[in-house]
Amino acid sequence: MNVSQMMKHCDLILQIPLKKVEIPKINIFLQYVGIFTKVEMQIFNNGIPHNMPTFQKVIVNFECDFEKAKQDLLEKLNEYWYAYQNNNLPEKHNLFGKMEEKDWGFLEYKHLNHHLKQFNV
């Protein structure tokens, strides 16, 4: 993954709470792993675990234009912020379980921070 693909990936991740991308339901064991991971990250303020599996719908393995990917990501961040401020985020995530606005905010921040650090941008 390069920087342009990373920005497109982060754009797609932000589309999950915006209800524009739907991730598949997963088995109960993986749901428990996801809920445990969310709680552990919140308690210990950990980052996204390395090599955490990625849903197929948000894998970007195609070329992306840097400027377009950047602009799209900034637009999704603005849409996300609007939804966050208006309490218009889903109450559940198929991996992380029950979600409140603070949970969405924490996990979206940790995800974006993880990739920005990964690419040193």
Side-chain angles (χ1 to χ4, degrees):
M1 177 165 43
N2 61 34
V3 175
S4 300
Q5 291 168 320
M6 174 272 293
M7 288 189 295
K8 179 62 180 174
H9 166 73
C10 290
D11 173 335
L12 290 170
I13 293 292
L14 283 166
Q15 290 185 49
I16 295 169
L18 294 172
K19 304 167 196 148
K20 295 180 179 187
V21 167
E22 187 175 333
I23 54 175
K25 295 192 185 298
I26 58 174
N27 70 50
I28 194 75
F29 174 74
L30 290 178
Q31 286 177 352
Y32 283 116
V33 170
I35 292 167
F36 175 79
T37 300
K38 176 184 77 170
V39 171
E40 186 241 348
M41 285 172 54
Q42 291 172 329
I43 291 172
F44 298 107
N45 198 25
N46 292 344
I48 302 289
H50 290 288
N51 299 318
M52 187 171 174
T54 304
F55 287 98
Q56 191 66 35
K57 283 189 170 186
V58 296
I59 292 176
V60 178
N61 54 10
F62 50 88
E63 288 304 312
C64 300
D65 176 73
F66 179 85
E67 289 302 324
K68 176 157 180 29
K70 178 178 138 184
Q71 187 61 41
D72 290 348
L73 177 56
L74 291 172
E75 287 174 12
K76 290 305 175 309
L77 282 166
N78 284 331
E79 285 181 52
Y80 172 81
W81 181 242
Y82 181 81
Y84 180 90
Q85 288 181 310
N86 289 286
N87 298 318
N88 194 23
L89 298 174
E91 295 178 3
K92 186 173 188 279
H93 186 283
N94 285 349
L95 176 61
F96 296 120
K98 185 177 183 298
M99 299 284 281
E100 297 178 10
E101 269 72 17
K102 67 179 177 63
D103 299 320
W104 283 109
F106 179 81
L107 292 173
E108 293 296 345
Y109 164 77
K110 286 293 188 176
H111 181 258
L112 190 56
N113 187 57
H114 166 79
H115 285 300
L116 292 174
K117 282 183 174 179
Q118 176 185 13
F119 286 92
N120 211 18
V121 292

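Since this is a predicted model, take the numbers as computed values, not measurements.
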Inset, instruction - Determine, step by step, whether Leu107 and Phe96 satisfy the side chain to side chain contact (heavy atoms under 4.5 Å, CB included) criterion, reporting the C-alpha distance in whole Å, the side-chain angles of both residues, the deciding distance to 0.1 Å, and the verdict. - result: CA-CA 10 Å; Leu107 292 173; Phe96 296 120; 3.7 Å; yes
Legend entry - Exercise: identify the closest heavy-atom pair between Met41 and Ile48: CE-CD1, 3.7 Å
Legend entry - Nearest-0.5 Å distance, CD of residue Glu63 to NZ of residue Lys8: 14.0 Å
Inset, instruction - Say whether Leu12 and Val121 are linked into one hydrophobic cluster, either directly or through other cluster members, by side-chain heavy-atom distances under 4.5 angstrom. - result: yes
Inset, instruction - Would you mind reporting whether His111 and Met52 have side-chain heavy atoms less than 4.5 Å apart? - result: no
Inset, instruction - Decide whether Leu89 and Trp81 are clustered together by the hydrophobic rule: side chain heavy atoms of Ile, Leu, Val, Met, Phe, Trp, Tyr closer than 4.5 Å, transitively. - result: yes
Legend entry - Check: Phe62 main-chain N/O paired with Gln5 side-chain donor or acceptor under 3.5 Å: yes
Inset, instruction - Please name the pair of heavy atoms, one in Lys57 and one in Glu22, separated by the smallest distance, quoted to 0.1 Å. - result: NZ-O, 2.8 Å
Legend entry - Within-4.5 Å side-chain heavy-atom neighbours: Phe55 and Ile13: no
Legend entry - pair Asn78-Tyr80: side-chain heavy atoms closer than 4.5 Å: no
Legend entry - Check: Lys38 and Leu95 side chains under 4.5 Å, non-hydrogen atoms: no
Inset, instruction - Please tell me if the side chains of Leu112 and Leu77 come closer than 4.5 Å, counting only heavy atoms from C-beta onward. - result: yes
Legend entry - Joint cluster assignment, Phe66 & Met1, ILVMFWY side-chain distance < 4.5 Å: yes
Legend entry - Phe44 with Val33, same ILVMFWY side-chain cluster at under 4.5 Å: no
Legend entry - In one Ile/Leu/Val/Met/Phe/Trp/Tyr side-chain cluster, 4.5 Å: Phe29, Ile26: yes
Inset, instruction - Would you sort out whether Asn45 and Phe106 count as a side chain to side chain contact (heavy atoms under 4.5 Å, CB included), showing the intermediate values? - result: CA-CA 9 Å; Asn45 198 25; Phe106 179 81; 3.6 Å; yes
Inset, instruction - Report yes if the side chains of Trp104 and Ile16 come closer than 4.5 Å at any heavy-atom pair, otherwise no. - result: yes
Legend entry - Any Met7 side-chain heavy atom under 4.5 Å of Cys64 side chain: no
Legend entry - Donor-acceptor contact present, side-chain Asn86 to main-chain Tyr82, <3.5 Å: yes
Inset, instruction - Hey, could you give me the CD/CG distance between Gln42 and Asp103, rounded to the nearest 0.5 Å? - result: 4.5 Å
Legend entry - More than 12 heavy atoms of other groups within 6.0 Å of Gln85 CD: yes
Inset, instruction - For Phe119, look at atom CZ and say whether over 12 heavy atoms of other residues, nucleotides or ligands are found less than 6.0 Å away. - result: yes
Legend entry - Non-hydrogen atoms of Ser4 and Ala69 that approach each other most closely: O-CB, 3.6 Å
Legend entry - Heavy-atom closest pair, residues Glu101 and Asn87: OE2-CA, 3.1 Å
Legend entry - Counterpart residues, salt bridge (charged side-chain N to carboxylate O under 4.0 Å, His left out), relative to Glu79 (two or more places apart): Lys20
Legend entry - Nearest heavy atoms of Pro49 and Thr37, plus distance in Å: CG-CG2, 3.9 Å
Legend entry - Lys19 atom NZ, neighbour heavy-atom count above 12 within 6.0 Å: yes
Inset, instruction - Find the distance between CG (Asn46) and NE2 (His114) and round it off to the nearest 0.5 Å. - result: 13.0 Å
Inset, instruction - Assess whether atom NZ of Lys25 is packed by more than 12 heavy atoms of other residues, nucleotides or ligands within 6.0 Å. - result: no
Inset, instruction - Nearest 0.5 Å please: distance from the CD1 atom of Ile23 over to the CG atom of Asn94. - result: 5.0 Å
Inset, instruction - Look up atom CG in Asp72 and atom SG in Cys10, then write down how far apart they are to the nearest 0.5 Å. - result: 12.5 Å
Legend entry - Nearest non-hydrogen partners of Lys110 and Gly47, listed with the distance: CD-CA, 4.2 Å
